[in-house]
Amino acid sequence: MSELEHAPGLTLRHDYFGDPAAWKGLVDLLQDTFSIDIGIQDRFGGPDPTSMPFGYFDGEGCCVANFSAFSMPLLVNGRAVKAAGYQSGAVRPEWRGRGLYRDLMRRAFARTAAEGYELDILLTDKPALYERYGFRILPQHLFVARMPKLQASGSTARQLSLETPGDVRLIKTLLQSRQPVSSRFAVVGQMEMFLLNACFNSAIRLTALAENAVVAWTFDGATLWLLDIAGTAIPPLATILSALDVEPDRIEICFSPDRLDCEVSLEPYEGYTVLMARGKAADEIAGPLMLSPMAEF
Ligand SMILES: CC(C)(COP(=O)(O)OP(=O)(O)OC[C@H]1O[C@@H](n2cnc3c(N)ncnc32)[C@H](O)[C@@H]1OP(=O)(O)O)[C@@H](O)C(=O)NCCC(=O)NCCS
């Protein structure tokens, strides 16, 4: 018996983002499932063009299930790795327990395997779902920085706004030409999630340093969280701190800080989701790491 005989009347669609009604179907599915609006991406040029969505649609065109892969090249210990990320996994409650998700996962994994991806990564609050496909949890760490010696700020810092077209252009340009924020574990190129994550959390500040780096950070008056840096070169922590003009009691760096020229201590990171990986490049991932919150997907 085919797995999907329990789900009559559904049509499988893949690579359907070119159809605005189908894209809207996914936006609605994720709104209803996770209360997030990925339709915000339409303001910035639409969804990631590397997306490989697989979805089931009912007779009314409603998206009842989806699982997407996308290209997320990573730098892992100095080597550019062809990695795929998986996201937007959801099944509407009335269609659950019939094997739809299993079917979509298998299709997406077969596609990325056929395209030669050497690493698969995902974030989930349900690791058991993916362990049976060979995914393993990668423990993440926060890097607590020793306070650097501040310098007289030579660079000009400017607060950016996603409401200002010129600022969005600058951020996009820097995301396209960025030096990965870490050589140990970092995204090489990915624009859409950075912009979406910045929209989702209004506490995130985006500050341009000398127009060649954008620092994503939050500050609660005591702790500064350094979330990501999209720049043609990564400035040292002391330069960043001097330019941001804040005096935190504590600095937590949310990515591997090897390019920041600073001393750090480690703390295990307990997030709502865990980072999981599989594939032949997974063994190359070693040592303490964190996926920047701006790259979360
Ligand atoms: C999780 C979810 C996608 C499963 O969809 P589904 O169509 O009911 O799943 P399937 O019937 O295809 O089951 C696939 C497998 O996952 C297992 N599974 C289902 N829900 C699970 C859960 N919450 N935790 C762990 N495993 C689960 C099933 O037992 C099945 O295992 P098997 O292949 O060994 O038989 C769906 O419940 C959902 O949309 N939940 C809310 C959103 C969510 O959590 N998405 C995943 C984000 S990482």
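In this chain, residues are counted from 1 in sequence order. Note that ligands are numbered from 1 as they come in the structure, with each ligand's atoms numbered from 1 the same way.
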Exercise for the section: Would you tell me whether Ser256 and Asp258 have side-chain atoms, one donor and one acceptor, within less than 3.5 Å of each other? Expected result: no
Problem - Trp95-Asp58 side chain donor-acceptor pair, cut-off 3.5 Å - result: no
Exercise for the section: Taking the six-membered ring of Phe57 (Phe, Tyr or Trp), confirm whether the NZ or CZ of Arg13 is under 6.0 Å from its centre and within 45° of its axis. Expected result: yes
Handout entry: Best match, Gly99, Gly97, Ala90, Ala128: closest heavy atom to atom 8 (O) of ligand 1
Key = Gly97
Please table the atom pairs, donor to acceptor, closer than 3.5 Å between any side-chain atom in residues 115-123 and protein atoms at least two apart or in another chain.
residue : atom : partner : partner atom : Å
Glu115  : OE2  : Arg111  : NE           : 2.7
Glu118  : OE1  : Arg79   : NH2          : 2.9
Glu118  : OE2  : Lys82   : N            : 3.0
Asp120  : OD1  : Tyr86   : OH           : 2.8
Asp120  : OD2  : Arg278  : NE           : 2.8
Asp120  : OD2  : Arg278  : NH2          : 3.1

Exercise for the section: Give a yes or no on whether the backbone of Ala295 and the side-chain of Gln190 come within a donor-acceptor separation of less than 3.5 Å. Expected result: no
Exercise for the section: Out of Lys126, Glu131, Arg102, Arg132, indicate the one that has the non-hydrogen atom closest to atom 43 (C) of ligand 1. Expected result: Lys126
Exercise for the section: With heavy atoms only and a cut-off of under 4.0 Å, state how Tyr56 meets ligand 1: side chain, backbone, both or neither. Expected result: neither
Practice task
Any atoms of ligand 1 less than 4.0 Å from a non-hydrogen atom of Leu100? List them with their elements.
Solution key: 7 (O), 12 (O)
Exercise for the section: Check ligand 1 against Thr124 and write out every atom of the ligand that is under 4.0 Å from a heavy-atom position of the residue. Expected result: 48 (S)
Exercise for the section: Can you figure out which of Tyr86, Phe67, Tyr101 has its heavy atom closest to atom 9 (O) of ligand 1? Expected result: Tyr101
Exercise for the section: Measure the distance from atom 36 (C) of ligand 1 to every protein heavy atom, then report the residue, atom name and distance (to 0.1 Å) of the closest one. Expected result: Arg96 NE, 3.5 Å
Exercise for the section: Enter the distance from Cys63:SG to Lys24:NZ here, rounded to the nearest 0.5 Å. Expected result: 11.5 Å
Exercise for the section: Using a strict cut-off of 4.0 Å, indicate which atoms of ligand 1 neighbour a heavy atom of Thr33. Expected result: 41 (C), 42 (C)
Exercise for the section: Keeping the roles fixed (side chain from Ser182, backbone from Pro257), state whether a donor-acceptor pair exists under 3.5 Å. Expected result: no
Practice task
Do me a favour and list the nearest non-hydrogen protein atom to atom 47 (C) of ligand 1 with residue, atom name and distance?
Solution key: Gly89 O, 3.8 Å
Handout entry: Close N or O approach (Leu123, ligand 1; < 3.5 Å)
Key = no
Handout entry: Shortest protein contact, atom 19 (C) of ligand 1 (heavy atom only)
Key = Leu129 CD2, 4.5 Å
Practice task
Please confirm whether Phe109 and Phe67 have ring centers closer than 6.0 angstrom.
Solution key: yes
Handout entry: Short N or O distance, Val91 and ligand 1, threshold 3.5 Å exclusive
Key = yes
